[in-house]
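Worksheet for the structure shown next.
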Amino acid sequence: MKAKLLRLFVPMALVFTMISCSPDSKEEGQVEAKLITDYNYTQDELKLAEVINDYRVNKGLNALEIINHISYKSLEHNQYMIDNNVVNHDYFEERSNNIIQVLGAVKVGENIAYNFSTPNSALYAWLQSPGHKANLDGDYTHFGISITVNPATGKKYYTNMFMKK
């Protein structure tokens, strides 16, 4: 009798296990990545995009197309840095993976800066840093920009993300 019940329940348990572990199911807490299409650029952000593209074109490189989704991810990182009083690349892999998943990127890079008064001064600082300059000179097709002012200190946080599609 036990053997008959076991033969009956084992296949059912196997089917249940396969269904519940389906790759289509989301893990608890997992958020579906969605495309952000709205972003309101400040004059400083537009100026930074312009000076970066001017620099690239003067070097014989392609101008980059700005994408609102990338600017939004850059804004999120600025807000993280302000909220945590840090200047770093924390969670870059998550931002990069989001851009890969949502926009189909094959390559993502990131520059950050802190406390520069103008877009030109931030660009100049990036050009003095080999890693940041490599991103500015990199094989990218698109980018996003955010400059966020910390309301408590008045200091500016810059995040510039690059993408190759």
Side-chain angles (χ1 to χ4, degrees), residues 21-116 118-150 155-165:
C21 294
S22 161
D24 293 334
S25 66
K26 286 191 174 82
E27 292 184 27
E28 189 173 327
Q30 183 180 357
V31 177
E32 184 177 334
K34 67 177 187 175
L35 177 66
I36 304 297
T37 57
D38 293 327
Y39 189 89
N40 294 317
Y41 292 93
T42 66
Q43 288 302 313
D44 276 349
E45 289 167 336
L46 294 173
K47 181 64 176 175
L48 183 57
E50 178 185 337
V51 297
I52 288 171
N53 273 332
D54 287 349
Y55 165 78
R56 287 180 58 87
V57 168
N58 285 335
K59 289 209 49 161
L61 301 168
N62 61 300
L64 303 174
E65 180 183 338
I66 200 161
I67 293 186
N68 293 345
H69 183 83
I70 302 172
S71 295
Y72 181 79
K73 299 312 286 182
S74 298
L75 170 65
E76 284 183 333
H77 185 57
N78 282 348
Q79 197 58 57
Y80 167 83
M81 292 190 293
I82 290 169
D83 291 347
N84 293 282
N85 196 31
V86 295
V87 179
N88 60 34
H89 294 279
D90 283 359
Y91 305 107
F92 170 72
E93 188 172 333
E94 285 84 348
R95 287 187 298 286
S96 175
N97 287 338
N98 175 275
I99 291 168
I100 290 167
Q101 180 182 359
V102 173
L103 299 173
V106 296
K107 178 179 172 184
V108 179
E110 176 177 84
N111 285 350
I112 61 169
Y114 167 72
N115 199 26
F116 290 94
T118 67
N120 285 338
S121 61
L123 175 64
Y124 180 78
W126 285 333
L127 291 172
Q128 305 315 302
S129 162
H132 292 105
K133 185 176 185 309
N135 280 336
L136 290 165
D137 293 345
D139 182 23
Y140 294 107
T141 56
H142 299 81
F143 68 155
I145 291 172
S146 177
I147 303 170
T148 309
V149 178
N150 181 336
K155 309 279 184 182
K156 293 180 181 179
Y157 289 74
Y158 295 71
T159 299
N160 170 211
M161 296 189 73
F162 303 88
M163 172 187 90
K164 179 178 182 175
K165 195 159 184 169

Q | side chain to side chain contact (heavy atoms under 4.5 Å, CB included) evaluation trace for Leu123 with Leu136 | A | CA-CA 9 Å; Leu123 175 64; Leu136 290 165; 3.7 Å; yes

Point-to-point distance, once rounded to the nearest 0.5 Å, from [atom1] of [X] to [atom2] of [Y]:
X      : Y     : atom1 : atom2 : value
Glu76  : Tyr91 : CD    : OH    : 13.0 Å
Lys73  : Phe92 : NZ    : CZ    : 12.5 Å
Lys34  : His69 : NZ    : NE2   : 10.5 Å
Ile99  : Ser74 : CD1   : OG    : 6.5 Å
Ser121 : Leu48 : OG    : CG    : 9.5 Å
Ile52  : Leu61 : CD1   : CG    : 12.5 Å

Within the supplied structure, the quantity of interest is the number of heavy atoms (other residues, nucleotides, ligands) at a distance under 6.0 Å from [X] [atom1]; does it exceed 12?
X      : atom1 : answer
Gln128 : CD    : yes
Asn84  : CG    : yes
Asn40  : CG    : no

Q: May I ask you to establish whether Lys107 and Phe162 are in a cation-pi arrangement, using a distance under 6.0 Å from NZ or CZ to the six-membered ring centre and at most 45° from the ring axis?
A: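 Because its charged atom misses either the 6.0 Å distance or the 45° angle limit, Lys107 does not stack over Phe162.
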
[Y] backbone acceptor or donor facing [X] side chain under 3.5 Å:
X      : Y      : result
Asn160 : Ile145 : no
Asn62  : Arg56  : no
Tyr158 : Phe116 : yes
Arg95  : Ile70  : no
Lys165 : Thr141 : no

Which pair of heavy atoms, one from [X] and one from [Y], lies closest together, and at what distance?
X      : Y      : result
Ser71  : Ser146 : O-CB, 3.9 Å
Met81  : Val87  : SD-CA, 3.8 Å
Val108 : Met161 : CG1-CE, 3.9 Å
Ala33  : Asn98  : CB-ND2, 3.6 Å
Asp44  : Lys156 : OD2-NZ, 2.8 Å

(Q) Let's go through Phe143 and Ile67 carefully: what are the C-alpha distance in whole Å and the side-chain angles of both, what is the deciding distance for side chain to side chain contact (heavy atoms under 4.5 Å, CB included) to 0.1 Å, and is it a yes or a no? (A) CA-CA 6 Å; Phe143 68 155; Ile67 293 186; over 6 Å; no

Does a side chain donor of either [X] or [Y] reach within less than 3.5 Å of an acceptor in the other side chain?
X      : Y     : answer
Gln79  : Asp83 : yes
Glu45  : Tyr39 : yes
Asp137 : Tyr55 : yes
Asn68  : Tyr41 : yes

Q.
For a side chain to side chain contact (heavy atoms under 4.5 Å, CB included) check, start with the C-alpha distance between Asn150 and Asn78, then their side-chain angles and the critical distance, and finish with the verdict.
A. CA-CA 9 Å; Asn150 181 336; Asn78 282 348; over 6 Å; no

Q. Relative to each other, are the rings of Tyr80 and His77 parallel, tilted or perpendicular (30° and 60° limits)?
A.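 The arrangement is parallel - the two ring planes meet at less than 30°.
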
Q.
Working note: Tyr157 + Ile112, criterion side chain to side chain contact (heavy atoms under 4.5 Å, CB included); need CA distance, chi angles, decisive distance, verdict.
A. CA-CA 8 Å; Tyr157 289 74; Ile112 61 169; over 6 Å; no

Q. Less than 4.5 Å apart, any side-chain heavy atom of Asn53 and any of Leu64?
A.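 Sidechains of Leu64 and Asn53: in contact.
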
